[in-house]
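Below: one structure, written as structure tokens.
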Amino acid sequence: MQKSTSSSSFGPGGLDLSQTFFRSISNTAPPSPTKRHTKISVIGVGNVGMAIAQTILTQDLADELALVDAKSDKLRGEMLDLQHAAAFLPRTKIDASIDYSVTAGSDLCIVTAGARQNPGESRLNLLQRNVALFKSIVPPLVKYSPETILLIVSNPVDVLTYVAWKLSGFPANRVIGSGTNLDSSRFRFLIADHLDVNAQDVQAYIVGEHGDSSVALWSGISVGGVPVLSFLERQQIALEKETLEKIHKEVVQCAYEVIGLKGYTSWAIGYSVANLARTILRDQRRIHPVSVLAKGFYGIDGGDVFLSLPAQLGRSGVLGVTNVHLTDEETQQLKNSAKTILEVQCQLGI
Ligand SMILES: NC(=O)C1=CN([C@@H]2O[C@H](COP(=O)(O)OP(=O)(O)OC[C@H]3O[C@@H](n4cnc5c(N)ncnc54)[C@H](O)[C@@H]3O)[C@@H](O)[C@H]2O)C=CC1
Ligand SMILES: CC(=O)C(=O)O
């Protein structure tokens, strides 16, 4: 068994210094039963894993954070670097090890390990390399945290969420892919920019594959509760189809653009995943477009496929899928997206 790279919390000679520094207060109230200890594990401490880890820390989402990677020096370096920020952050115990026992008892395991795209390369191209890694990652996570929720981020995220579901043997509500939560944020940013409003006031979803066959739900966009398309129609303002298509194309292209410019994407996915972690661990029951087992929803059939649908999330994972009204065109695009993912999945033999 590998030794944990965690630094010890005990003083010289193994003495627990907290006993020396503090006199106990005999009538202290017992810990509140409503405050639950939360532990998050992040697998893969590359650009994405570290952006997620640091957002989790700054947003005070966990009492314990465990990091795992295959590269022990990089792992220990990242752990120490985060620990050295302790004086500026909410208190979180940070451990790291190449041994999965460090993840034991996690409430949420976030998987970011694996190959990433080279400039111009599609997410689906990463499949074979990352499936092989998942066979060494998912079983130990399940062994050490049999009640955890798995949140998959590595690409191609929809197919790898399916792979994680199969390898884990978990019920589908406990296996979630970060999916189009990120694409939807990009979509909301671009719409907000176009209309000169705040992205947080824009409700808009991208569903389907996190990738080239994603589907923009134009019919459901609202700003501050006002449905955008019907409002513009009533005002007889034509929002040309090309403008809409251009915005969606930009959502699909912008990951390629960022990868072309800086080599990888990290900050937005960091915030996106921390946002999901908050909803899940704090049982917020918010609706997020994330990758879930989609068979049977919106006429999707033909096999077990994970893709993004607006899903309600809480402490037990996926609580349900919302019944958004889709136009016939949107339904057809969603089915095509499912077909694209299933075709890739069929090559796996899992
Ligand atoms: N779903 C989404 O929206 C997004 C997904 N991604 C995906 O996230 C993944 C990670 O991207 P980056 O962090 O930029 O890559 P990176 O190359 O910076 O980091 C990957 C890390 O995985 C580690 N790793 C490799 N094999 C491992 C194993 N068997 N066990 C544990 N750790 C292992 C590597 O040592 C490395 O530290 C990629 O697949 C990328 O495509 C990236 C951005 C957004
Ligand atoms: C890399 C990737 O999947 C993204 O930034 O959307």
Side-chain angles (χ1 to χ4, degrees), residues 2 41-55 66-79 96-100 102-103 109-141 150-161 163-164 167 176-187 189 206 208-214 250-276 288-291 306-308:
Q2 296 290 331
S41 290
V42 176
I43 317 306
V45 298
N47 306 300
V48 173
M50 288 313 291
I52 293 169
Q54 83 97 23
T55 314
L67 306 174
V68 177
D69 199 283
K71 294 182 190 151
S72 57
D73 285 354
K74 156 99 171 140
L75 182 61
R76 182 166 168 77
E78 293 292 9
M79 179 196 73
S97 176
I98 59 172
D99 189 304
Y100 280 81
V102 76
T103 65
C109 292
I110 302 170
V111 183
T112 77
R116 65 175 138 92
Q117 297 150 268
N118 292 314
E121 191 181 19
S122 133
R123 294 173 181 85
L124 292 175
N125 223 22
L126 302 169
L127 186 62
Q128 295 304 343
R129 280 169 279 169
N130 287 346
V131 167
L133 290 188
F134 266 48
K135 289 182 180 165
S136 67
I137 292 173
V138 175
L141 287 178
L150 294 173
L151 179 52
I152 309 304
V153 183
S154 313
N155 273 319
V157 68
D158 300 294
V159 187
L160 288 177
T161 306
V163 170
L167 292 171
I176 303 166
S178 63
T180 56
N181 200 49
L182 170 59
D183 314 52
S184 300
S185 173
R186 289 171 173 150
F187 194 36
F189 159 70
I206 298 274
E209 183 201 3
H210 168 60
D212 302 347
S213 73
S214 69
E250 206 172 329
V251 171
V252 173
Q253 280 307 318
C254 60
Y256 290 104
E257 186 184 1
V258 176
I259 292 168
L261 291 167
K262 66 175 239 189
Y264 55 88
T265 63
S266 57
W267 302 123
I269 185 65
Y271 282 103
S272 167
V273 171
N275 181 242
L276 297 176
H288 295 269
V290 284
S291 199
F306 279 71
L307 52 70
S308 286

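Nothing fancy with the numbering, it's 1 onward along the sequence. Computed over heavy atoms, backbone and side chain alike; hydrogens, waters and symmetry mates excluded. Counting convention: from 1, in listed order, for ligands and their atoms alike. As the structure is a prediction and not an experimental result, all values here were calculated from the model.
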Report yes if [X] has an N/O atom closer than 3.5 Å to an N/O atom of ligand 1; otherwise report no.
| X | value |
| --- | --- |
| D69 | yes |
| H210 | yes |
| G114 | yes |
| K74 | no |
| A115 | yes |
| V153 | yes |

Contact partition for [X] relative to ligand 2, non-hydrogen atoms under 4.0 Å:
| X | result |
| --- | --- |
| E257 | neither |
| N155 | side chain |
| R116 | neither |
| L182 | side chain |

Can you name the atoms of ligand 1, numbered from 1 with element, that are less than 4.0 Å from a heavy atom of [X]?
| X | result |
| --- | --- |
| K71 | 35 (O) |
| L182 | 3 (O) |
| L133 | 26 (N), 29 (N) |

Side chain, backbone, both or neither: the part of A113 lying under 4.0 Å from ligand 1 by heavy atom: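 Both the backbone and the side chain of A113 come within reach of ligand 1.
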
With heavy atoms only and a cut-off of under 4.0 Å, state how V68 meets ligand 1: side chain, backbone, both or neither.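 The answer is neither; V68 stays 4.0 Å or more away.
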
If you draw a 6.0 Å radius around OH in Y256, do more than 12 non-hydrogen atoms from other residues or ligands fall strictly inside?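 Atom OH in Y256 is crowded, with more than 12 foreign heavy atoms closer than 6.0 Å.
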
Hey, is NZ on K74 packed in by over 12 heavy atoms from elsewhere, all under 6.0 Å?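 It does: K74 NZ has more than 12 such atoms within range.
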
Could you pull out, from [options], the option with a heavy atom nearest to [atom]?
| atom | options | answer |
| --- | --- | --- |
| atom 30 (N) of ligand 1 | N181, I137, T180 | I137 |
| atom 9 (C) of ligand 1 | I52, I98, T112 | T112 |
| atom 31 (C) of ligand 1 | G179, G49, A70 | A70 |
| atom 11 (O) of ligand 1 | N47, V157, V48 | V48 |

Nearest protein heavy atom with distance in Å, relative to [atom]:
| atom | value |
| --- | --- |
| atom 5 (O) of ligand 2 | T265 OG1, 2.6 Å |
| atom 43 (C) of ligand 1 | T265 OG1, 3.1 Å |
| atom 7 (C) of ligand 1 | N155 ND2, 3.6 Å |
| atom 19 (O) of ligand 1 | G46 CA, 3.2 Å |
| atom 15 (O) of ligand 1 | R116 NE, 3.3 Å |

Please evaluate residues I269 and V153 with respect to the criterion side chain to side chain contact (heavy atoms under 4.5 Å, CB included), reporting the C-alpha separation (whole Å), side-chain torsions for both, the decisive distance (0.1 Å), and the verdict. CA-CA 9 Å; I269 185 65; V153 183; 3.8 Å; yes

Would you check whether N130 reaches within less than 4.0 Å of ligand 1, judged by its heavy atoms?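 For ligand 1, residue contact (heavy atoms, under 4.0 Å) with N130 is present.
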
Could you verify whether a donor N or O on one side chain and an acceptor N or O on the other, from T103 and S41, lie under 3.5 Å apart?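 No - no donor-acceptor pair under 3.5 Å links their side chains.
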
Classify the side-chain pair H210/D183 by whether it contains a donor and acceptor separated by less than 3.5 Å.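 Per modelled atom types, H210 and D183 side chains form a pair under 3.5 Å.
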
Work out whether the distance between some heavy atom of Q117 and some atom of ligand 2 is less than 4.0 Å.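 Under 4.0 Å: yes for Q117.
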
Are R129 and E121 close enough for a salt bridge, meaning some N to O gap below 4.0 Å?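 Yes.
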
